[in-house]
A.B. asks: 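The structure follows.
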Number of protein chains: 2
Amino acid sequence: MSRYEKTCLIRGDGGRAIRGILDRVGDKWSLLVVATLDGASLRFTELQQRIPGISQRMLTRTVRHLERDGLVTRTVFAEVPPRVEYELTAMGRTLIGPAVALAEWAVDNNPGIEESQASYDAEHP
Amino acid sequence: MSRYEKTCLIRGDGGRAIRGILDRVGDKWSLLVVATLDGASLRFTELQQRIPGISQRMLTRTVRHLERDGLVTRTVFAEVPPRVEYELTAMGRTLIGPAVALAEWAVDNNPGIEESQASYDAEHP
DNA sequence: CAGTATCCGTCCGGATACTG
DNA sequence: CAGTATCCGGACGGATACTG
């Protein structure tokens with residue numbers, strides 16, 4: 001596939017593909033939840049403990065969205081006290097690859113970006 | 001690098017890396033602008049014409065952010081009428097790869113996601 | 001042509017309190 | 001334990017009008 005065909009994947013259909021995925025996992029917590037569930041089946045509280053700073057409300061919302069999109073399964077055990085386990089689906093696991101690629105890019109380029117921001121801010125008072 | 005080390009790239013530092021990149025290009029238009037500038041030097045109006053639906057204001061804001069982050073160069077020609085050309089920087093071009101990977105994932109999995117959403121919505125009235 | 005300026009509605013996300 | 005309910009501030013993004 002040529003370079004042009006590749007960027008067409010982004011621009012295709014007026015950017016619908018990118019827009020769709022960013023609407024799904026472009027928010028503050030989704031990719032973090034997915035990465036945290038990689039290879040592990042975790043309960044609500046465990047998930048919350050492993051994701052510093054996330055509130056109960058936002059964790060609930062995030063896992064609900066991920067469940068609706070078919071990226072995460074939510075299993076309720078009929079016990080007292082209640083137990084709920086979250087796990088990645090097969091589709092959810094396939095997201096890890098692209099997400100890691102993006103994270104690698106972020107880590108590699110953060111220094112350059114911050115440098116650019118600093119000089120931009122210096123020149124634009 | 002092991003799978004675990006990979007997801008650490010996402011979760012590392014409390015998710016700072018992912019958070020940083022999504023704050024940068026996780027908005028509605030940034031990746032679309034980057035993809036549109038791939039391999040082309042374009043003027044403001046050309047850019048706007050190739051990105052259906054973007055307003056003058058949002059295009060201005062988006063290219064300014066990308067310029068500040070060092071992903072795009074903005075070249076002003078001292079002419080009348082004014083001419084401004086936008087181009088990807090070397091760093092900007094390196095973003096295309098990971099972005100395309102994400103777009104590919106989006107295209108491949110959109111059917112599955114929409115199916116999951118439909119059945120979720122059916123079961124949760 | 002390539003922007004700025006202004007207004008404005010909506011959604012996101014945090015804080016807090018309450019519950020099956 | 002695993003949520004829900006409510007309130008709130010702020011950022012995002014669209015529409016419109018104006019300008020060097």
Side-chain angles (χ1 to χ4, degrees), chain A residues 14-16 18-33 36-37 40-69 72-87 120 124-125, chain B residues 14-16 18-33 36-37 40-69 72-87 120 124-125:
Chain A
R16 261 225 150 101
I18 277 288
R19 203 83 51 76
I21 194 187
L22 290 180
D23 286 349
R24 255 184 287 286
V25 300
D27 65 351
K28 190 165 179 181
W29 301 108
S30 289
L31 278 185
L32 228 48
V33 169
T36 304
L37 284 175
S41 175
L42 297 176
R43 305 177 59 163
F44 188 87
T45 312
E46 293 172 326
L47 215 35
Q48 193 174 10
Q49 286 164 353
R50 296 183 193 208
I51 302 176
I54 195 168
S55 68
Q56 225 166 24
R57 186 177 108 92
M58 289 316 295
L59 181 54
T60 304
R61 285 174 62 113
T62 304
V63 290
R64 283 293 183 286
H65 281 128
L66 293 172
E67 185 196 2
R68 186 172 107 95
D69 292 339
V72 158
T73 59
R74 177 174 175 271
T75 311
V76 183
F77 295 86
E79 303 173 3
V80 178
R83 181 161 63 100
V84 179
E85 298 252 353
Y86 294 94
E87 207 167 348
Y120 182 95
H124 298 78
Chain B
R16 261 226 152 99
I18 277 287
R19 203 83 51 76
I21 195 186
L22 290 181
D23 286 349
R24 255 185 285 288
V25 300
D27 65 350
K28 190 166 179 182
W29 301 107
S30 289
L31 277 185
L32 228 49
V33 168
T36 305
L37 284 175
S41 174
L42 296 177
R43 306 177 59 164
F44 188 88
T45 312
E46 292 171 328
L47 215 34
Q48 192 174 12
Q49 286 165 354
R50 294 180 195 211
I51 303 177
I54 195 170
S55 68
Q56 226 166 21
R57 187 177 107 93
M58 290 314 296
L59 181 54
T60 302
R61 285 174 62 111
T62 305
V63 291
R64 283 294 183 286
H65 282 129
L66 293 174
E67 185 196 3
R68 187 172 105 95
D69 293 338
V72 157
T73 59
R74 177 174 176 270
T75 310
V76 183
F77 293 86
E79 302 174 4
V80 179
R83 181 161 63 101
V84 179
E85 299 252 352
Y86 294 93
E87 208 166 347
Y120 182 95
H124 298 79

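The figures that follow rest on heavy atoms only: side chains count, while hydrogens, waters and symmetry mates do not. A quick note: this is a predicted structure, and the numbers were derived from the prediction, not measured.
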A.B. asks: How close or far is atom P of C/dC12 from atom CZ of A/Arg61, stated in whole angstroms?
C.D. replies: 6 Å
A.B. asks: If D/dC12 has a Watson-Crick or G-U wobble mate with both distances under 3.5 Å, name it; if not, just say none.
C.D. replies: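 Partner of D/dC12: C/dG9.
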A.B. asks: Rounded off to whole Å, could you give me the CD-to-P distance for the B/Glu46 and C/dA2 pair?
C.D. replies: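 Going from CD in B/Glu46 over to P in C/dA2 covers 8 Å.
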A.B. asks: What I'd like to find out is whether the side chain of B/Thr73 reaches to under 4.5 Å of the side chain of B/Tyr86, using heavy atoms alone.
C.D. replies: no
A.B. asks: Find which nucleotide of DNA chain D each of A/Pro82 and B/Gly26 is nearest to by heavy atoms, and output the residue with the more 5' nucleotide.
C.D. replies: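 Here A/Pro82 is the residue nearer the 5' end.
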A.B. asks: Measure CZ/B/Arg83 against P/C/dG3 and give the value in whole Å, please.
C.D. replies: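 Taking CZ of B/Arg83 and P of C/dG3, I get 13 Å after rounding.
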A.B. asks: Look at B/Thr45 and C/dA2 and indicate whether a side-chain polar atom (N or O) is within less than 4.0 Å of OP1 or OP2.
C.D. replies: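 For C/dA2, OP1 or OP2 has a side-chain N or O of B/Thr45 closer than 4.0 Å.
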A.B. asks: Nearest to the A/Gln56 side chain among D/dT4, D/dC1, C/dA2, which nucleotide is it?
C.D. replies: D/dT4
A.B. asks: So, is A/Tyr86 near the phosphate of D/dG3, with a side-chain N or O under 4.0 Å from OP1 or OP2?
C.D. replies: yes
A.B. asks: Atom CG of B/Asp27 and atom P of D/dG14: how far apart are they, to the nearest Å?
C.D. replies: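 After rounding, the reported distance stands at 10 Å.
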A.B. asks: Taking the six-membered ring of A/Trp29, is NZ or CZ of A/Arg61 closer than 6.0 Å to its centre and within 45° of its axis?
C.D. replies: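 No, a cation-pi geometry is absent between A/Arg61 and A/Trp29.
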A.B. asks: Which base, if any, makes a Watson-Crick or G-U wobble pair with C/dA15, both distances under 3.5 Å?
C.D. replies: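 Because both required distances fall under 3.5 Å, C/dA15 counts as paired with D/dT6.
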A.B. asks: If D/dG20 has a Watson-Crick or G-U wobble mate with both distances under 3.5 Å, name it; if not, just say none.
C.D. replies: C/dC1
A.B. asks: For B/Arg74 and C/dA2, what is the distance between atoms CZ and P respectively, to the nearest whole Å?
C.D. replies: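 It works out to 10 Å between those atoms.
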A.B. asks: Do B/Val76 and B/Pro82 have side chains that get closer than 4.5 Å, going by heavy atoms?
C.D. replies: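 B/Val76 does not reach B/Pro82 side chain to side chain.
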A.B. asks: Could you state the atom-to-atom distance from CG of B/Leu59 to P of C/dG3 in whole Å?
C.D. replies: 8 Å
A.B. asks: Which nucleotide in the set C/dG14, C/dC1, D/dC1 lies at the smallest distance from any side-chain heavy atom of B/Pro81?
C.D. replies: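 Shortest atom-to-atom distance from the side chain points to C/dC1.
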A.B. asks: Taking CG from A/Leu22 and P from C/dC12, how many angstroms apart are they, rounded to a whole number?
C.D. replies: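 So the CG-P distance, A/Leu22 to C/dC12, works out to 13 Å.
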A.B. asks: I want to check one thing: is the phosphate of D/dG3, taken as OP1 and OP2, less than 4.0 Å away from some side-chain N or O of A/Arg64?
C.D. replies: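 Looking at the OP1 and OP2 atoms of D/dG3, one of them is under 4.0 Å from a side-chain N or O of A/Arg64.
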A.B. asks: Atom CZ of residue position A/Arg16 - does it have more than 12 heavy atoms of other residues, nucleotides or ligands inside 6.0 Å?
C.D. replies: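 Not more than 12 within 6.0 Å, no.
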A.B. asks: Just checking, any donor-acceptor pair under 3.5 angstrom between side chains of A/Thr75 and A/Glu85?
C.D. replies: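 No, A/Glu85 and A/Thr75 have no side-chain donor paired with an acceptor closer than 3.5 Å.
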A.B. asks: Starting from P on C/dA5, measure out to CE on B/Met58 and report it in whole angstrom.
C.D. replies: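 Value for this atom pair: 16 Å.
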A.B. asks: Suppose we call a contact any N or O donor and acceptor under 3.5 Å apart; does that hold for the side chain of A/Arg57 and the base of D/dG3?
C.D. replies: no
A.B. asks: Check whether any side-chain N or O of A/Arg43 sits under 4.0 Å from OP1 or OP2 of D/dG3, and answer yes or no.
C.D. replies: no
A.B. asks: In terms of side-chain heavy atoms of A/Phe44, which of C/dC1, D/dG13, D/dG3 is nearest?
C.D. replies: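 For A/Phe44, the side-chain atoms sit closest to D/dG3.
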